[in-house]
Novice: 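Input: one structure, supplied below.
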Amino acid sequence: MFFGTQLDLVIVFFIVILGRTVDMCLASIRTVFTVKDKPHLAAPIGFVEAFFWFMIVKAALDYAIANPVVDTIVLAIAYSLGFALGTLLGGILSKIFVKSKIHVQIVLSSKNDDLVKELKEKGFGQTILTAKGANNNTETYMVFIETNSDKLKELRAIINTMDEKAFVSVSESKSVYNGFFGSSSRK
């Protein structure tokens, strides 16, 4: 490539954006795997990520060295834009492809045996405790569910349909063993 033409700058601009986007997508996914204690998946992703980063930085620096300082701000913008796009896309892809176990705590607004029954019929294993509300002192249920993160949307829909005032807390489980995980074994 002959450096110095406006077309070269446009080509390098888009190469840097694309390469940095891929690099940051991989970085986001690698980080999720690292946090989820899956280094055997994080390591090869890290290798590819570092390769992309090196190649993009090399292309940007080669162009910057061969051209006036004015063009380097354009490359810095491309690099930053690729970083931002890659972070966004990496987060979205991580959510889609990297599944996890989640712990859902539901405090129903009142005793609702129909909701408990519906959750069971839909395959959600649950533990139910009787609880009293602090404000109105009425008995209600507190429901604990462990399920896969990809089932959260279905679970929320059931809860919202049958008890829109239920208090719901969702957190990621570091590890889960024993017990019944009905929704993860359904087809």
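The first residue of the sequence shown is numbered 1, and numbering continues consecutively from there. Keep in mind that this is a model prediction, so the values were computed, not measured.
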Novice: Mind listing the closest non-hydrogen atom pair of A78 and I17 along with its distance?
Specialist: O-CG1, 3.4 Å
Novice: Is there a path of hydrophobic side-chain contacts, each under 4.5 Å between heavy atoms, that joins I106 and F124?
Specialist: yes
Novice: Which heavy atom in M142 sits nearest to a heavy atom in A131, and how many Å separate them?
Specialist: CB-CB, 4.4 Å
Novice: Kindly indicate whether the side chain of V143, heavy atoms from C-beta on, has any atom under 4.5 Å from the side chain of T127.
Specialist: no
Novice: With rounding to the nearest 0.5 Å, note down the distance linking CG in L155 to OG in S149.
Specialist: 12.0 Å
Novice: At what distance, to the nearest 0.5 angstrom, does CG of L119 lie from CD1 of I159?
Specialist: 6.0 Å
Novice: Taking atom OG1 of T21 and atom CG of L81, what is their separation to the nearest 0.5 Å?
Specialist: 7.0 Å
Novice: Is a donor on one side and an acceptor on the other found under 3.5 Å between the side chain of N148 and the backbone of D150?
Specialist: no
Novice: Stepwise, does the salt bridge (charged side-chain N to carboxylate O under 4.0 Å, His left out) test hold for E154 with K122?
Specialist: CA-CA 9 Å; E154 177 186 3; K122 295 292 184 182; 5.4 Å; no
Novice: Quick one: does T140's side chain have a donor or acceptor within less than 3.5 Å of a partner on L108's backbone?
Specialist: yes
Novice: Kindly work out whether a path of hydrophobic side-chain contacts (I/L/V/M/F/W/Y, heavy atoms less than 4.5 Å apart) joins V16 to M55.
Specialist: yes
Novice: Is there a path of hydrophobic side-chain contacts, each under 4.5 Å between heavy atoms of I, L, V, M, F, W or Y residues, that connects L129 with V170?
Specialist: no
Novice: Show me the donor-acceptor pairs, under 3.5 Å and distance only, between side chains in residues 84-95 and residues at least two apart or in other chains.
Specialist:
from	atom 1	to	atom 2	distance (Å)
T87	OG1	F83	O	2.8
S94	OG	G90	O	2.8

Novice: With sequence neighbours left out, which residue pairs that include part of residues 7-36 fulfil the ring-ring contact (aromatic ring centres under 6.0 Å, His included) condition?
Specialist: none
Novice: Quick check for you: to the nearest 0.5 Å, what is the distance between K151 atom NZ and K101 atom NZ?
Specialist: 10.5 Å
Novice: Start with the C-alpha gap between V168 and R156, add the side-chain angles, then the distance that decides, and say whether side chain to side chain contact (heavy atoms under 4.5 Å, CB included) holds.
Specialist: CA-CA 9 Å; V168 180; R156 277 187 181 161; 5.8 Å; no
Novice: Please determine whether a side-chain nitrogen of the Lys or Arg among D113 and K117 lies less than 4.0 Å from a carboxylate oxygen of the Asp or Glu.
Specialist: no
Novice: For the residue pair T34 and K38, establish whether any side-chain heavy-atom pair is separated by less than 4.5 Å.
Specialist: no
Novice: Working to the nearest 0.5 Å, report the span between CD1 of I56 and CG of L18.
Specialist: 7.0 Å
Novice: Using the side chain to side chain donor-acceptor pair (under 3.5 Å) criterion, which residues pair with E139? Sequence neighbours excluded.
Specialist: K111
Novice: Looking only at non-hydrogen atoms, find the nearest pair between A27 and E49 and report the distance.
Specialist: CB-OE2, 3.3 Å
Novice: Quick check on the hydrophobic clustering: are I15 and L61 connected, directly or via other members, by side-chain heavy-atom contacts under 4.5 Å?
Specialist: yes
Novice: Would you check if I102 and T147 make a side-chain contact, meaning some heavy-atom pair closer than 4.5 Å?
Specialist: yes
Novice: Which pairs count as ring-ring contact (aromatic ring centres under 6.0 Å, His included) when at least one residue sits in residues 138-162, sequence neighbours excluded?
Specialist: H103-F144
Novice: Looking at every non-hydrogen atom in both residues, tell me the closest pair between V116 and Q126 and how far apart they are.
Specialist: O-NE2, 3.1 Å
Novice: Might you point out which heavy atoms bring R30 and I45 nearest each other, and give the distance in Å?
Specialist: CB-CG2, 3.7 Å
Novice: Quick check against the 3.5 Å criterion: does D163 have a side-chain atom that pairs as donor or acceptor with the backbone of N112?
Specialist: no
Novice: Just wondering, do T138 and K132 contact through their side chains at under 4.5 Å, heavy atoms?
Specialist: no
Novice: Quick one: hydrophobic cluster around V35, which other residues, with the 4.5 Å side-chain cut-off, linked directly or via members?
Specialist: none
Novice: With the 4.5 Å side-chain cut-off for hydrophobic clustering, are V12 and W53 part of the same group?
Specialist: yes
Novice: Taking all non-hydrogen atoms of both residues, which atom of K165 and which atom of S109 are closest, and how far apart?
Specialist: CB-CB, 3.8 Å
Novice: Which residue pairs satisfy the ring-ring contact (aromatic ring centres under 6.0 Å, His included) criterion with at least one member in residues 146-166, sequence neighbours excluded?
Specialist: none
Novice: Look up atom CD in Q105 and atom CZ in F167, then write down how far apart they are to the nearest 0.5 Å.
Specialist: 8.0 Å
